[in-house]
Amino acid sequence: MPAIYSQIVFDAETRRRRGFVWFSLRLCVSASILFSLVSSAFAAEPADWIWSAGYVITENPQHRVIENGAVAVRADRILAVGTRAEIDARFTPRQRLDRPDAILAPGLINTHTHAAMSLFRGIADDLRLQDWLEKYIFPAEAKNVSPEFVRWGTRLGCLEMLLGGTTTFTDMYYFEDVVAEAAKEAGIRGVLGETIIGFPVPDAKTPADALRFTERYLARFRNDPLIVPAVAPHAIYTNSDATLRASRALANKYNAPLLIHLAETKKERDDVLSQRRMTPVQLLDTLGVFNGRTVAAHCVWVNEADMAILKSRGVGVAHCPSSNTKLASGIAPVARMLALDIAVGLGPDGPAGSNNDFNLFEEMDLAAKLQKVTTFDPQALPASAALEMATIRGARALGLEKEIGSLEPGKRADMIVVRLDRPNAVPLYDPISQMVYALKADDVEDVMVNGKTVVRDAKILTLNQVQILAKAREYRERISASLAAAQ
Ligand SMILES: [Zn+2]
């Protein structure tokens, strides 16, 4: 073959080969684009929301904290929790919220309060419990508490709670059906107990009336996605044995929790000891009150045998450190309860003189410090245990640990974003230490409850804040006038 000819043939052959390679390459690229389009359409899972943050505190069983983490949410549930890269690769969200300079954590759980009493905030301070109740609170309630009072007071309480990162609150008050309506309007989760008490009160003349009222309330809200209706006999010292037993029976009929104040003061413990020869905890156990889900607030004056009963009966304890210190009630042996693995949550209790606010950041901080100073042991209640009480252990106290209290797939989407760009937030070495000892309720930026954003950029989306504050001031005038007229 002449050289020139062979060169032409070679060139033609090379061009043909190159063309084939080029064609093949284009085919591969087109196929891979098509594949990724098809796979993103079919394999990427839809989500309603992705929330990402610099740190995600999960409070899962391994207590995992994820740097550059994210949570995917669909409807009212958490779909997945992981690094932002993992979550972004797996899900296509309809909306997203990225907060690189913040902590994303489970919503805080309040296990004991009286939200509507916010309208009595600061009405009488610096008193012992019995004086405060009998000389101020019970008379002020008798003159002022109505369904409208409860509606505005609960709105005010829910406003403060949501802005401060509380996503579930546990309440004991009158007209609890109105509390439930106001909580649903605010978009906050509630374990809400109708009070049963042995003297005439604004919504019932007798305990029998109160039990009838409570039964209607339980029937109305028993299948609500946000509300767990409950039965709340006020305390041993305000109810007969028969009423306490009837409250338990009613709670069990509707599979509802029972909420009660228990062993709050030395006086309560001493009176029961001298009159019944039992401790308050032993008395409730003997009456069968613990035969079902129970949340007992305070449990300050409990001994080793009492704590063994609380543990064996699975009673949830609502520790209220601000209230116990302000009323000089005492300091609950929480470190010992935690050593026994009792389900202890945190509560701010009443805003009307026993605290006077709904700030779970303060309760975490104080709970940790009180146990240290009483035991002379700085490890007695570390930051991790305090945050656990405000989240997953609090959920256990309420019997809701399968639904709330941690950021885990399948749980309800209740979560908060806490900003890290203020002087009290920097520098950060340990996100859990920061949550308990440095961050404030004011640092909460965004809040989601049951998959719905209720606070965004520290502004409430569900309630009319201006109107609520104006109403609270208006009530102050009415309440002051009613007390002045009585004197
Ligand atoms: Zn209380």
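Computed over heavy atoms, backbone and side chain alike; hydrogens, waters and symmetry mates excluded. Indexing begins at 1, ligand by ligand and atom by atom, following the structure's order.
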Side chains of Glu363 and Asn355: donor-acceptor distance under 3.5 Å anywhere?
yes

Side chains of residues 451-459: which donor-acceptor partners sit under 3.5 Å, not counting sequence neighbours?
{"from": "Asp457", "atom 1": "OD1", "to": "Arg99", "atom 2": "NH2", "distance (Å)": "2.7"}

List the residues meeting side chain to side chain contact (heavy atoms under 4.5 Å, CB included) with Thr206, not counting sequence neighbours, and say none if there are none.
Ala208, Asp209

What protein N/O/S atoms are found closer than 2.8 Å to the Zn ion (ligand 1)?
His112 NE2, His114 NE2, His261 NE2, Asp349 OD1

Cationic tip of Arg478 within the cone over Tyr475's six-membered ring, i.e. under 6.0 Å and within 45° of the normal?
yes

Which pairs count as salt bridge (charged side-chain N to carboxylate O under 4.0 Å, His left out) when at least one residue sits in residues 286-304, sequence neighbours excluded?
Glu304-Arg336

To the nearest 0.5 Å, tell me how far Leu129 CG sits from Lys326 NZ.
12.0 Å

